[in-house]
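One structure is given here, and the rest of the page talks about it.
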Amino acid sequence: LGGLEGSAADYARAVERLARADGSAGWVIFIGITSMVTLAHFPPDVAGAMLAAPDTKAAGVFAPRGRAQAVTVDGQAGFLLSGQWQWGSGSQNCDWLSCGGFVTDAGGQLVMLDNGRPDQRAFALRREQVTFIDTWDVSGLRGTGSTDFKVDNVFVPEAYARRVFDPAPGNETIYAFPTFGFLAVGIAAVALGIARAAIDELLSFAGAKTPEGSRRKLAQKSATQRAVAEAEALVRAARLFFYDAIETAWAEAEQMGAATPEARRNLRLAMTHTVRACCEAVTKMYETGGGTSVYRTSRLQRHFRDIHVATQHMMVSPDIYELTGRLFLDVETDISML
């Protein structure tokens with residue numbers, strides 16, 4: 001919305017580079033970018049008001065954990081929203097939060113649309129409207145501050161409650177790029193950055209360390225040489241698939257106004273594969289580092305913890321292999337979340 005409007009590959013490279021320095025920093029940036037794109041989907045006047053300040057920051061949770069009842073307050077139509085959302089990465093530092101929820105009637109029943117779907121919305125809230133709950137006591141990506149947050153009967157004007165599956169507001173390529181694929185890109189880019197950092201870290205001390213009970217340096221051991229080569233192959237091959245899938249989907253969105261189901265399938269498969277391959281590479285480096293890896297002074301233990309938290313995101317879960325596999329096999333599949 002009047003910004004740089006960079007490509008999905010630009011976004012991926014920025015997140016990857018930051019995550020190489022710090023996984024949590026890369027993660028919060030990717031959440032900030034995807035959340036800003038979400039805000040840009042609101043009506044132009046609303047989006048313009050939310051994004052007017054150049055230093056505006058956003059966060060959000062797509063999961064529809066909220067419930068909203070239509071009301072009119074002082075002549076203004078809107079919703080009374082209540083709910084609690086997990087995984088609020090970067091939320092305490094943001095200006096705006098987008099959070100998912102379903103519209104209900106006065107009896108608490110879901111309001112259904114003509115197409116048979118429930119009325120699912122993304123609600124835009126100012127940070128001051130929510131209550132944060134300090135739940136982020138975790139193993140990895142600890143710097144993301146991904147605490148829970150909640151609201152209780154907060155009034156949200158109707159213009160700040162966008163239907164999730166409504167058409168995009170503009171013709172720019174970013175709106176035609178697969179939404180869920182765009183989210184998965186950030187997770188995989190973080191994984192690439194962490195994996196590269198883990199390999200760098202192992203290389204930084206392998207030539208100087210002599211493992212306990214050995215006369216040779218760690219770098220001189222055949223097991224180390226094999227592990228480093230395998231990790232390099234895993235990360236480089238995944239990275240090629242990663243950027244190829246992004247650039248193909250982006251080109252189709254740019255030229256045709258939408259990515260084909262095949263491009264969307266390949267995009268989600270590439271993102272999931274990248275995260276899994278990077279996790280394997282980081283684990284190899286952690287194990288190869290031996291006792292050095294377990295100390296808090298070692299970056300390898302943090303890379304190990306961070307990458308294993310990243311693998312738990314639903315956008316890159318093993319279920320994606322089943323989803324994409326059905327499409328390769330031409331089995332009837334719901335691709336609305338692709």
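Values below: every heavy atom of this structure, side chains too, minus hydrogens, waters and symmetry copies.
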For residues 244-260, run the donor-acceptor check on the side chains, cut-off 3.5 Å, and write out each pair with its distance to 0.1 Å, sequence neighbours left out.
residue: E247; atom: OE2; partner: R13; partner atom: NH2; Å: 3.4
residue: T248; atom: OG1; partner: D244; partner atom: O; Å: 2.9
residue: E252; atom: OE1; partner: T260; partner atom: N; Å: 2.7
residue: E252; atom: OE1; partner: T260; partner atom: OG1; Å: 2.8
residue: E252; atom: OE2; partner: T260; partner atom: OG1; Å: 3.4
residue: T260; atom: OG1; partner: A263; partner atom: N; Å: 3.2

Problem - F79/Y160 aromatic ring centres below 6.0 Å - result: no
Exercise for the section: Would you kindly check if the NZ (Lys) or CZ (Arg) of R126 is within the cone defined by 45 degrees around the ring axis of W96 and under 6.0 Å from the six-membered ring centre? Expected result: yes
Practice task
Please round to the nearest 0.5 Å and tell me the distance separating atom CD of E332 and atom CG of L327.
Solution key: 11.0 Å
Practice task
Flag yes if more than 12 heavy atoms outside D319 fall under 6.0 Å of its CG atom; otherwise flag no.
Solution key: yes
Exercise for the section: Would you please indicate if the ring centroids of Y286 and H303 are separated by under 6.0 Å? Expected result: no
Exercise for the section: Answer yes or no: is there a donor N or O on one side and an acceptor on the other, between the side chain of T288 and the main chain of M285, under 3.5 Å? Expected result: no
Practice task
Please check if the side chain of Y11 supplies one atom and the backbone of F182 the other of a donor-acceptor pair under 3.5 Å.
Solution key: yes
Handout entry: Interatomic spacing from CE in M36 to CD1 in I174 - rounded to 0.5 Å
Key = 12.5 Å
Problem - Check ion pair R163-D119 (N to O, under 4.0 angstrom) - result: yes
Handout entry: Flag side-chain contact, heavy atom, 4.5 Å: N266 against F328
Key = yes
Practice task
State the CE-CE distance between M271 and M315, to the nearest 0.5 angstrom.
Solution key: 13.0 Å
Exercise for the section: Give a yes or no on this: more than 12 heavy atoms of other residues, nucleotides or ligands lie within 6.0 Å of atom CG of D114. Expected result: no
Practice task
May I ask you to decide if W87's main-chain N or O and S146's side chain share a donor-acceptor pair within less than 3.5 Å?
Solution key: no
Practice task
Sequence neighbours left out, what passes salt bridge (Lys or Arg N to Asp or Glu O under 4.0 Å) with R264? Give chain and number order.
Solution key: none
Practice task
State whether the side chain of D148 and the backbone N or O of T135 hold a donor-acceptor pair below 3.5 Å, judged by distance alone.
Solution key: no
Fill in the blank from the handout: Residues G145 and S91: closest non-hydrogen pair is O-OG, 4.4 Å
Exercise for the section: Please check if atom CG in N115 has more than 12 non-hydrogen atoms from other residues, nucleotides or ligands closer than 6.0 Å. Expected result: yes
Problem - Whether T147 side chain and D134 backbone form a donor-acceptor pair below 3.5 Å - result: no
Problem - Heavy atoms of other groups near K217 NZ, more than 12 under 6.0 Å - result: yes
Exercise for the section: For the pair K209 (side chain) and G289 (backbone), establish whether a donor and an acceptor sit closer than 3.5 Å, ignoring hydrogens and angles. Expected result: yes
Exercise for the section: Give the minimum heavy-atom separation between V28 and T144, together with the two atoms involved. Expected result: CG2-CA, 3.7 Å
Fill in the blank from the handout: Between T56 and M50, the two heavy atoms sitting closest are CG2-O, 3.5 Å
Problem - Check: G101 main-chain N/O paired with R121 side-chain donor or acceptor under 3.5 Å - result: no
Exercise for the section: Report whether I31 and F42 are members of the same hydrophobic cluster (ILVMFWY, side-chain heavy atoms less than 4.5 Å apart, transitive linking). Expected result: no
Handout entry: M112, CE atom: more than 12 neighbouring heavy atoms under 6.0 Å
Key = yes
Problem - From CA spacing to verdict: salt bridge (charged side-chain N to carboxylate O under 4.0 Å, His left out), D22, R302 - result: CA-CA 9 Å; D22 185 279; R302 192 173 75 193; 3.5 Å; yes
Problem - Heavy-atom check, side chain of L338 versus side chain of R268, under 4.5 Å - result: yes
Exercise for the section: For residues A197 and R299, report the shortest heavy-atom separation together with the two atoms involved. Expected result: CB-NH2, 4.4 Å
Practice task
Look at the side chain of S317 and the backbone N and O of H313, then say whether any donor-acceptor pair between them is shorter than 3.5 Å.
Solution key: no
Practice task
Give a yes or no on whether K150 atom NZ has more than 12 heavy-atom contacts from other residues, nucleotides or ligands under 6.0 Å away.
Solution key: no
Exercise for the section: Taking the side chain as every heavy atom from C-beta outward, state whether F149 and C99 have any pair of such atoms under 4.5 Å apart. Expected result: yes
Exercise for the section: Begin with the C-alpha distance, continue with both residues' side-chain angles, and end with the deciding distance and a verdict on side chain to side chain contact (heavy atoms under 4.5 Å, CB included) for I199 and V235. Expected result: CA-CA 10 Å; I199 295 172; V235 174; 4.1 Å; yes
Exercise for the section: Heavy atoms only: give me the nearest L39-A58 pair and the separation to one decimal. Expected result: CD1-CB, 3.7 Å
Exercise for the section: Check the pair D200, R20 against salt bridge (charged side-chain N to carboxylate O under 4.0 Å, His left out), reporting the backbone distance first and the verdict last. Expected result: CA-CA 10 Å; D200 290 346; R20 185 173 179 176; 2.7 Å; yes
Handout entry: More than 12 heavy atoms of other groups within 6.0 Å of R17 CZ
Key = no
Handout entry: Any side-chain heavy-atom pair of I133 and Q84 under 4.5 Å
Key = yes
Problem - Side-chain heavy-atom pair L192, T274 within 4.5 angstrom cut-off - result: yes
Handout entry: Within 6.0 angstrom of D330 CG, more than 12 heavy atoms from elsewhere
Key = no
Problem - Heavy-atom side-chain contact between L269 and I320 under 4.5 Å - result: no
Handout entry: Residue pair E16 / Y243: nearest heavy atoms and the distance that separates them
Key = OE1-OH, 2.7 Å
